[in-house]
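Worksheet for the structure shown next.
These values consider heavy atoms only, across backbone and side chains, with no hydrogens, waters or symmetry-generated copies. Just so it is clear: chains get the letters A, B, ... in the order the sequence lines come, proteins before strands, and each one is counted from 1.
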Amino acid sequence: MKWTQSFIPTLKEDPADAEIISHKLMIRAGLIKPLMAGVYTYLPLAWKSFLKIENIIREEMDRISAQEILMPGLNPIEIWEETGRNEDMGNEMYRLKDRRDRTLCLAPTHEEIITDLARGEIRSYKELPQIWYQIQTKFRDEPRPRSGLLRVKEFAMKDSYTLAATFEQLDESYDLHARAYKRIFTRCGLEYLLVGAASGLMGGSASQEFMVLSPAGEDSVIVCEKCGYADNMEIATSKAVSYESRELESKLVHTPNQRTIEEVSAFLDIPKWQLVKSLLYVIEETGQPVMALVRGDHKLNEAKLNGIIGSVLRQAEPEEAKGFVGADIGFIGPHDVESMRIIADTAIDPEMTFATGANQNDYHITGLKLSQLRSVEYADIRMADEGDICSQCGGTLSMKNSVELGHIFKLGTKYSKAMGATFLDEEGSAHPIIMGSYGIGLGRIMAAAIELYHDDDGIIWPITIAPYDVLVTIINVTDEKLNSTGHQIYQELKSKSIDVLLDDRDDRPGVKFKDADLLGFPIRVTIGPRAMKEDCLEIYRRDTKENIKVKLEDAVEKILEIRESLFRSINEKTAKITEQPKI
RNA sequence: CGGGACGUAGCGCAGUCUGGUAGCGCACUAGCAUGGGGGGCUAGGGGUCGGAGGUUCAAAUCCUCUCGUCCCGACCA
């Protein structure tokens, strides 16, 4: 392709409404153009990169004998009612009416459609296991789209679904996907982390996420540098740092208007960790209150608490709280609350005297011990935090932002049971199909690659997903010798099926170099007067900024060699994954 | 959904407080010169000032409503 025939609208300045690096660079490099908040057009360069990512994914899915299908984006709402997810999805799902006033929706994911397909067609254990996958657009009405391609309302996703007759088959399919995903992200040139995760709306048992560490990421992971432990903060566990506590006198203290931990801690001159935070929740179904206790310096992890209670919880409204304990939020405590279920975090020492709300407005009490209260349950219900102690090895934990690129789930039978997707076993009895679900965000791969690999001048594409492998820059197209040499090198590379772009614009060199760096193609070939004096051209590597001079007659061979070496370093890493023993 | 900010040419912005017929840089068009890091000169084209209503002799500017965009939070594969 010649630049003069291409559509590459680059920008000199950062767009005003972009905050994160990948967003800025993707707009500046002419990769994407916003249509509305969270909806983008992929311009030619981005689409070329997208197709390469898609191709890598297809090849790796083929390797594990997955079969590609294409499912409808437009769904009847009834199928979502079968699993209860019409309600669960809430405003996240786009709903619309057709001309006959029938309610339809735009699929935010496809478990229901897959399960429908399976219940119609799968009859026998002999037909299992199966791996079906799709690469297509999904729609989610994000409350707040942001960060360029990282959080959007319409996005391309690779999603696989596995159908199994036994849990062993499910484990096998899951492991196949874990390995395929490692190969996919490695082939895309990314450094990633595999972490334990919560399953959220998807339901099911085990789940792991493939994360790329980046300050732009919206997820937080807790990692231990020492032993490699890594979990999404949603589920991460830790040992809390413990402190030497002093004995607090048992008494009621007037604390006018002191509601927050900070205020009370300062007012009473008691360290935060010797206060207990009392949080009131209500079980959605029954309206029963539940009190959660965490140390003053800790945060409650609602997902963990949810898991222990086993039903949907919400925070108590201020009026409700007053009704339950007789005090406003800010003065709530665990003593004298008869019949209420109380769950205390394991980091609170039952023998430590602490201060907490007195269940009386403008009063706190001090000198209380958990061991004095009756029927307190202990559980891990706190957020692991930066600085906590690793429960595996005793190292120090840190918290990092990350971008979720892929998520693999063991779904189990949530969908097959709800929708009646069963198979007959050897004895002829029916069982629900055991399912798994495995997603990858394609746009996020592109954005994460840019987050990971860029410098002040622009993008530094991994060669496997770069829109073009090589850029041939003619310094001055009005110089006949330079121009013809440039075209000749370009033609030779093209004839060898190299993905090459020729910068044949009649512009000054500075403009061309700036654009080249911004767009970040891995190899730039410079045809300029300096090297030409010696019948040479230059080959510049975007990643190392290494610039070498090569004789014209050796040039194509040398370009191919560098290109090969860039591919090789990624392929070698990928090969190591396959060599790993079967999980 | 709560809090904050911003909508003026394709992009980045000034002008709004203090009302008086819309400007700068980049980009674009034509020409000249130039040719190794967004360089120079000359001449041009392009804007219902997000939209609607109001106040006023007069509104980008003041008032009301509305739409959109971004950030923080809540929520979220």
Side-chain angles (χ1 to χ4, degrees), chain A residues 9-20 23-24 27-28 30 33-39 85 88-93 107-111 138-148 150-153 155-161 197-204 207-211 216 218-220 232 234 302-303 314-315 403-409 411 437-444 456-458 473-479 482-483 503 505-519 524 526-533 537-538 540 545 547 549:
Chain A
T10 62
L11 251 33
K12 220 181 264 193
E13 288 167 290
D14 281 339
D17 49 15
E19 198 74 13
I20 67 164
H23 190 193
K24 285 181 186 170
I27 303 254
R28 279 193 58 208
K33 180 158 167 64
L35 177 65
M36 54 184 247
V39 178
R85 285 215 296 179
D88 292 349
M89 285 285 172
N91 290 329
E92 191 98 355
M93 187 155 72
T109 176
H110 284 85
E111 282 79 15
K138 309 213 172 187
F139 299 89
R140 288 185 198 172
D141 192 356
E142 287 291 341
R144 192 179 149 207
R146 67 190 119 174
S147 306
L150 288 184
R151 183 155 294 273
V152 286
K153 295 189 162 209
F155 57 100
M157 182 161 164
K158 193 293 300 191
D159 228 346
S160 321
Y161 306 90
S199 352
L201 263 190
M202 306 288 293
S207 112
Q208 285 172 294
E209 290 168 328
F210 288 81
M211 295 288 201
E218 300 178 282
D219 281 283
S220 297
N232 192 308
E234 296 165 328
E302 286 191 22
R314 59 173 172 79
Q315 268 190 299
V403 178
E404 178 190 351
L405 296 185
H407 201 159
I408 55 181
F409 291 94
L411 289 179
S437 152
Y438 318 82
I440 294 181
L442 299 247
R444 280 190 179 178
D456 288 347
D457 295 315
T473 298
I474 302 168
I475 290 294
N476 179 3
V477 292
T478 62
D479 180 311
L482 296 178
N483 195 42
D503 189 349
R505 294 176 297 171
D506 184 8
D507 261 309
R508 292 177 52 90
V511 174
K512 297 182 164 215
F513 289 143
K514 287 289 183 189
D515 271 344
D517 287 345
L518 176 62
L519 266 42
R524 186 184 80 210
T526 315
I527 319 282
R530 281 187 197 164
M532 190 57 78
K533 276 188 207 139
L537 53 68
E538 290 148 278
Y540 176 80
K545 296 180 189 283
N547 196 35
K549 212 187 309 175

Stepwise side chain to side chain contact (heavy atoms under 4.5 Å, CB included) check, Leu411(A) with Glu111(A): CA-CA 10 Å; Leu411(A) 289 179; Glu111(A) 282 79 15; 3.9 Å; yes

Residues in side-chain contact (heavy atoms from CB on, under 4.5 Å) contact with Asp517(A), at least two apart in sequence or another chain: Asp457(A), Arg524(A), Tyr540(A), Arg542(A)

Residues in ring-ring contact (aromatic ring centres under 6.0 Å, His included) contact with Phe210(A), at least two apart in sequence or another chain: Tyr181(A), Phe185(A), Tyr192(A)

Whole-Å P distance, A58(B) and U21(B): 15 Å

Sugar-phosphate, base or nothing in reach of Asp457(A), heavy atoms under 4.0 Å: nothing

G3(B) to A77(B) separation - C1' atoms, rounded to the nearest Å: 27 Å

ring-ring contact (aromatic ring centres under 6.0 Å, His included) partners of His23(A), counting only residues at least two apart: Tyr40(A)

Polar atom pairs (N or O), protein with nucleotides 42-47 of chain B, under 3.5 Å:
none

Partner set under side-chain contact (heavy atoms from CB on, under 4.5 Å) for Ala156(A), not counting sequence neighbours: Phe50(A), Leu442(A)

Sugar-phosphate, base or nothing in reach of Gly439(A), heavy atoms under 4.0 Å: nothing

Main-chain N/O of Lys158(A) paired to Tyr438(A) side chain as donor or acceptor, under 3.5 Å: no

Touch class at under 4.0 angstrom, heavy-atom based, for Arg505(A) against every strand present: nothing

Residue whose closest nucleotide on RNA chain B lies nearer the 5' end, Lys514(A) versus Ser147(A): Lys514(A)

Sugar-phosphate only, base, or nothing, as touched by Glu209(A) at under 4.0 Å among non-hydrogen atoms: nothing

Touch class at under 4.0 angstrom, heavy-atom based, for Gln315(A) against every strand present: nothing

Point-to-point distance, once rounded to the nearest 0.5 Å, from CE of Met89(A) to CZ of Arg140(A): 6.0 Å

P spacing across the pair G2(B) / C65(B), given as an integer number of angstrom: 15 Å

U61(B) - base-pair partner by Watson-Crick or wobble geometry, distances under 3.5 Å: none

Pair Arg146(A) + Glu218(A): basic N to acidic O under 4.0 Å: yes

Arg151(A) (side chain) donor-acceptor with Arg144(A) (main chain) under 3.5 angstrom: no

Side-chain-base donor-acceptor pair under 3.5 Å for Arg508(A) and G39(B): yes

Residue closer to the 5' end of RNA chain B, Glu92(A) versus Pro529(A) (nearest nucleotide): Pro529(A)

Nearest-angstrom distance, C1' atom, U42(B) to G68(B): 41 Å

Sugar-phosphate only, base, or nothing, as touched by Pro9(A) at under 4.0 Å among non-hydrogen atoms: nothing

Nearest-Å distance once atom P is located in both U29(B) and U61(B): 34 Å

For nucleotides 3-8 of chain B, tabulate all protein N/O to nucleotide N/O atom pairs closer than 3.5 Å, reporting atom names and distance.
none

Who pairs with G35(B) - Watson-Crick or G-U, where each distance is under 3.5 Å: none

Residues which pass side chain to side chain donor-acceptor pair (under 3.5 Å) with Lys514(A), listed by chain and number, not counting sequence neighbours: none

Polar side-chain contact Arg144(A)-C75(B) base: donor and acceptor under 3.5 Å: no

Under the salt bridge (Lys or Arg N to Asp or Glu O under 4.0 Å) test, residues paired with Lys512(A) that sit two or more places apart: Asp503(A)

G-U wobble or Watson-Crick pairing nucleotide for C28(B) (cut-off 3.5 Å, both distances): G44(B)

Gap between atoms CD and P, on Glu218(A) and A77(B) respectively (whole Å): 12 Å

Complementary nucleotide of G2(B), counting Watson-Crick and G-U pairs under 3.5 Å: C72(B)

Length of the line joining Asp88(A):CG and A77(B):P, which is rounded to integer Å: 10 Å

Spacing of Arg151(A) atom CZ relative to C71(B) atom C1', expressed in whole Å: 16 Å

Non-neighbouring partners of Lys549(A) that pass salt bridge (Lys or Arg N to Asp or Glu O under 4.0 Å), sequence neighbours left out: Glu534(A)

Whole angstrom value for the distance that separates C1' of G36(B) from CG of Asp503(A): 13 Å

Polar pair under 3.5 Å, donor/acceptor by atom type, side chain Asp506(A), base G35(B): yes

Footprint string (nucleotides 10-15 of chain B, 5' to 3'): B base within contact, S backbone only, - free, heavy atoms under 4.0 Å: -BSS--

With sequence neighbours excluded, residues passing side-chain contact (heavy atoms from CB on, under 4.5 Å) with Asp506(A): Val477(A), Thr478(A)

Rounded interatomic separation in angstrom, taking NZ from Lys533(A) and C1' from G36(B): 11 Å

Presence of Lys24(A) side-chain N/O under 4.0 Å of C70(B) phosphate oxygens OP1/OP2: no

Residues that Arg530(A) engages under side-chain contact (heavy atoms from CB on, under 4.5 Å), provided they are two or more places apart: none

